[in-house]
Amino acid sequence: MKKMICLVMALLLMLTLACCGKKPSDAAGEGADETIVEPEPVLNPLTGLPLKNENNVNNRPVAVMLNNIHLAMPQHGVSDADMIFEYNVEGAITRMVCFFQEIDRVGTIGSIRSARPCFIETVLGMDAIYAHAGGSEEAFYMIYQHDMDDIDENYTAYWRDEDRAQTMDFEHTLMTSGKNLSAYIAECGFRTQHEADYTYPITFVEDGTPVNGMQAEHIEVPFSYYKTGTFDYDAATKLYMIGQYDDAYIDGNTGRQVGVTNLLVLYTEVYNSGDSKGHMVIDLQGSGSGTYFCGGKAVDIEWRKAEMYDPFTYYLTDGTPLSLGAGRTYVCVVSDTTSVTVE
């Protein structure tokens, strides 16, 4: 009898402990799940998209000068660029500067060409490290004057592509890579992080399509008689697919056409300097008009760049700061007399 009483008491004690030990979710009823809070992703300050490595968030971007003459196509690495700025630099020829926030993750980049003042002003405004191959006299003076961290042509950071040399002139064969540039930056001891007080002033939103914007599914931007850029909106990807020289704009690394979320066309004074090489003078300080394209729509904007060391900022015509769509951006800077086609 005593053994039976002890057994009953032990069973009662076990049932009591089991009830007291129920999880809150069990008490709430079957099917209740515990809430798991995921950390917010760290965003790329140049795209508003999650970084592959969150430790790169405060990096100074690396800005790479690219050749854009027809005979030097394709370019390499452009689909990895967070931002691309294109200017008419010499007669009718354009060049580009590509900004990479996570340069260590980029493959081959090229072909590399020489520095020009308009690109230096753009690079200084972004607090970037500048990769180029030579430059105009004025560009070299500006690099020296502003004590820029620049990577000029050398055989540590760059190489000559033998395959391109089979079909192209020597000047179109200079290449680099994210790995090479990262190693050279470390070797030179360049400052790799922004100063504490630096902030990139552009904000990004998930959908940057302009409210009440006009239809803009096909855009033609003529820089000169030699170069017209085309941008065709793909509703499936929500990207503007880029073309030039009557062909798709292809990244030689991927073999695919390059697309961007945001397209900005900025108008300013552009004129020939009158020197023997036909170098162009482009006014980038002050303010001017422009057009913003995103999501197949367009809206008029104003651009501002008060000083040499200021980045471009963008505003709606009522003075409200413009937010870009999260994604990559292409900026065309053209003469204020340029007629852009929008359909």
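Fair warning: this is a prediction, and the values are worked out from it, not measured in the lab.
- Under the side chain to side chain donor-acceptor pair (under 3.5 Å) rule, Thr173 has a single partner from Arg164, Gln166, Arg160, which is Arg160.
- A donor and an acceptor atom, one from each side chain of Arg113 and Ser111, are nowhere located under 3.5 Å apart.
- Side-chain polar atoms of Asn262 and Tyr292 form a donor-acceptor pair below 3.5 angstrom.
- Side-chain atoms of Tyr87 and Phe223, non-hydrogen and from C-beta on, never get closer than 4.5 Å to each other.
- In this model, a donor atom of one side chain and an acceptor atom of the other lie less than 3.5 Å apart for Asn68 and Gln75.
- Side-chain contact between Ile219 and Tyr233: absent, with no pair of heavy atoms (C-beta onward) separated by less than 4.5 Å.
- Between the side chain of Thr176 and the backbone N or O of Ala157, at least one donor-acceptor pair lies under 3.5 Å.
- Residues Tyr315 and Ser287 form no side-chain contact, since every pair of their non-hydrogen atoms from C-beta on lies 4.5 Å or further apart.
- Counting only N and O atoms by type, the side chains of Ser182 and Asp104 include no donor and acceptor under 3.5 Å apart.
- Annotation for Ser79 and Asp251: closest pair OG-OD2, 2.5 Å, computed over non-hydrogen atoms.
- Looking only at side-chain heavy atoms (C-beta outward), Met280 and Val89 stay at 4.5 Å or farther from each other.
- At a cut-off of 3.5 Å, with distance as the only test, no side-chain donor of Asn58 or His194 sits close to an acceptor on the other residue.
- Residues Tyr226 and His70 have side chains that never bring a donor and an acceptor to within less than 3.5 angstrom of each other.
- Side chains of Thr228 and Glu220: a donor-acceptor N/O pair is absent below 3.5 angstrom, by distance only.
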Check your understanding: Run the side-chain hydrogen bond (donor to acceptor under 3.5 Å, both in side chains) check on Gln101 and Asp82 step by step: do they pass?
Key -> CA-CA 7 Å; Gln101 184 68 21; Asp82 299 315; over 6 Å; no
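- Side chains of Asp234 and Thr237: a donor-acceptor N/O pair is present below 3.5 angstrom, by distance only.
- Using a 4.5 Å heavy-atom cutoff, the side chains of Ile301 and Val299 are in contact.
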